[in-house]
Amino acid sequence: MNIQSKPTILFFDSGVGGLSVYQEVKQLLPDYHYLYCFDNAYFPYSEKPEEGIVERTLKICQRIEKLCPLDLIVIACNTASTVVLPVLRKHFSIPIVGTVPAIKPAAEQTKTKHIGLLATKGTVKRQYLSDLIDKYASFCQVEKIGSTKLVELAEHKLHGYPIDLNEIKAELSEWENIPDLDAVVLGCTHFPLLKSEIQQCLPQVKYFIDSGAAIAKRVKSLLKDVKVRSKNQMNSQVFCTKPLVKEDSLLELIHSLGFEKLSLLDIDSEILCDSDKK
Ligand code: DGL
């Protein structure tokens, strides 16, 4: 596949969580052209109003589409996916892939029929989630924890700050004494980044399930016969919407994941800011 025939895929999240999804897709489709944008100016999305999330997600995706025609967008954020997909699909004619908490696979894998959903505060309270549980897990007892703290801890970890296991333990304390809880859905894309720490706090859980691999398969099938839109591709890069306080660890990480640089995206400007960090 030469550079001009590579489909361009944009990943969008409030923070670094979507990198857990990107890694799965990149592993399955190593030759595609990837852009990643995280809206750190409005992070965390967990408890933000729905209208704010919809407005920013649409604006940011449209802004990036102006810089580089896209072939597919992955909303690598469960919280945003619960509210933005219909609006995005109205404004874009390319495929939009959302991230849905893996309730169905968890209900298929549990032996005890007692499962946990770990997501953001926004995701756990949305009707979308109750419908998903009614549809796929009505025969299970489903425990829910909505946590903004865990999102922040995952973000800290990837930005190179130390994190305290006791803080994670405290967030999960209500599940400590549920011995038959055997499957936990990581229903926020930040949480696979804390999987080993979460595992240490919940030793009784046999299955931790996220949506990354299923999204990768979906992207592959949607792009099978795509006619690539962009002839003039920009570098494979990561955009943020606010300058970072500490960027060395994140820069090292994104380079190791195959991105060439980090750029600041001014969502209100017509011109891409020239504050690119190599
Ligand atoms: N990573 C996001 C999700 O999957 C949201 C995290 C946040 O900003 O609250 O829900």
Side-chain angles (χ1 to χ4, degrees), residues 10-25 36-61 73-85 88 96-103 105-106 116-130 132-133 144-159 161 163 167-168 171 184-195 197-198 208-216 218-219 238-242 244 250 253-254 257 267:
L10 169 67
F11 286 80
F12 176 79
D13 187 24
S14 59
V16 295
L19 290 172
S20 66
V21 181
Y22 160 78
Q23 280 175 282
E24 296 278 358
V25 177
Y36 185 95
C37 181
F38 62 105
D39 186 14
N40 55 329
Y42 202 57
F43 172 88
Y45 277 13
S46 181
E47 294 168 71
K48 294 287 188 325
E50 294 185 14
E51 316 77 61
I53 295 174
V54 171
E55 193 192 311
R56 290 191 68 91
T57 306
L58 178 62
K59 200 167 173 182
I60 290 168
C61 291
I73 299 173
V74 178
I75 300 300
C77 172
N78 293 264
T79 315
S81 296
T82 59
V83 291
V84 303
L85 300 179
L88 284 177
I96 309 289
V97 177
T99 307
V100 174
I103 298 287
L117 168 72
L118 201 53
T120 63
K121 286 196 192 294
T123 299
V124 294
K125 69 170 198 230
R126 300 238 156 84
Q127 185 59 38
Y128 180 92
L129 210 264
S130 313
L132 212 58
I133 293 173
K144 295 179 215 161
I145 292 180
S147 171
T148 305
K149 184 81 199 165
L150 287 179
V151 177
E152 290 167 346
L153 289 171
E155 195 74 21
H156 281 170
K157 180 179 170 183
L158 265 70
H159 285 267
Y161 295 102
I163 56 165
E167 290 196 76
I168 299 177
E171 286 299 290
V184 164
V185 177
L186 300 175
C188 165
T189 56
H190 277 73
F191 298 164
L193 306 171
L194 286 180
K195 188 169 162 186
E197 291 86 350
I198 295 172
F208 287 93
I209 306 155
D210 64 66
S211 313
I215 291 176
R218 178 88 186 123
V219 170
V238 175
F239 297 98
C240 52
T241 53
K242 184 178 99 175
L244 302 182
L250 192 70
L253 175 71
I254 64 171
L257 294 176
I267 62 174

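Atoms within each ligand, like the ligands themselves, are counted from 1 in listed order. All residue numbers refer to positions in the sequence shown, counting from 1.
Each of Asn78, Asp39, Thr148, Asp13 was compared with Tyr45 under the side chain to side chain donor-acceptor pair (under 3.5 Å) criterion, and only Asp39 meets it.
Taking every heavy atom of both residues into account, Phe191 and Leu150 meet most closely at CE2-CB, 3.4 Å. The two residues Ala106 and Ile209 have their closest heavy-atom pair at CA-CD1, 3.4 Å.
Thr241 places a side-chain N or O within 3.5 Å of a backbone atom of Asn40 that can act as its donor or acceptor partner. In this structure a side-chain-to-backbone donor-acceptor pair under 3.5 Å is present from Ser20 to Thr189. The main-chain N or O of Thr123 is found under 3.5 Å from a side-chain atom of Thr120 such that the two form a donor-acceptor pair.
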Polar pairs, ligand 1 vs protein, N/O only, below 3.5 Å.
| unit_1 | atom_1 | unit_2 | atom_2 | d |
| --- | --- | --- | --- | --- |
| ligand 1 | 1 (N) | Asp13 | OD1 | 3.1 |
| ligand 1 | 1 (N) | Asp13 | OD2 | 3.3 |
| ligand 1 | 1 (N) | Thr189 | OG1 | 2.9 |
| ligand 1 | 1 (N) | His190 | ND1 | 2.8 |
| ligand 1 | 4 (O) | Asn78 | N | 2.8 |
| ligand 1 | 4 (O) | Asn78 | ND2 | 3.1 |
| ligand 1 | 4 (O) | Thr189 | N | 2.8 |
| ligand 1 | 4 (O) | Thr189 | OG1 | 3.2 |
| ligand 1 | 8 (O) | Ser14 | OG | 2.6 |
| ligand 1 | 8 (O) | Tyr45 | N | 2.6 |
| ligand 1 | 9 (O) | Tyr45 | N | 3.2 |
| ligand 1 | 9 (O) | Ser46 | N | 2.8 |
| ligand 1 | 10 (O) | Asn78 | N | 3.4 |
| ligand 1 | 10 (O) | Thr79 | N | 3.0 |
| ligand 1 | 10 (O) | Thr79 | OG1 | 2.5 |

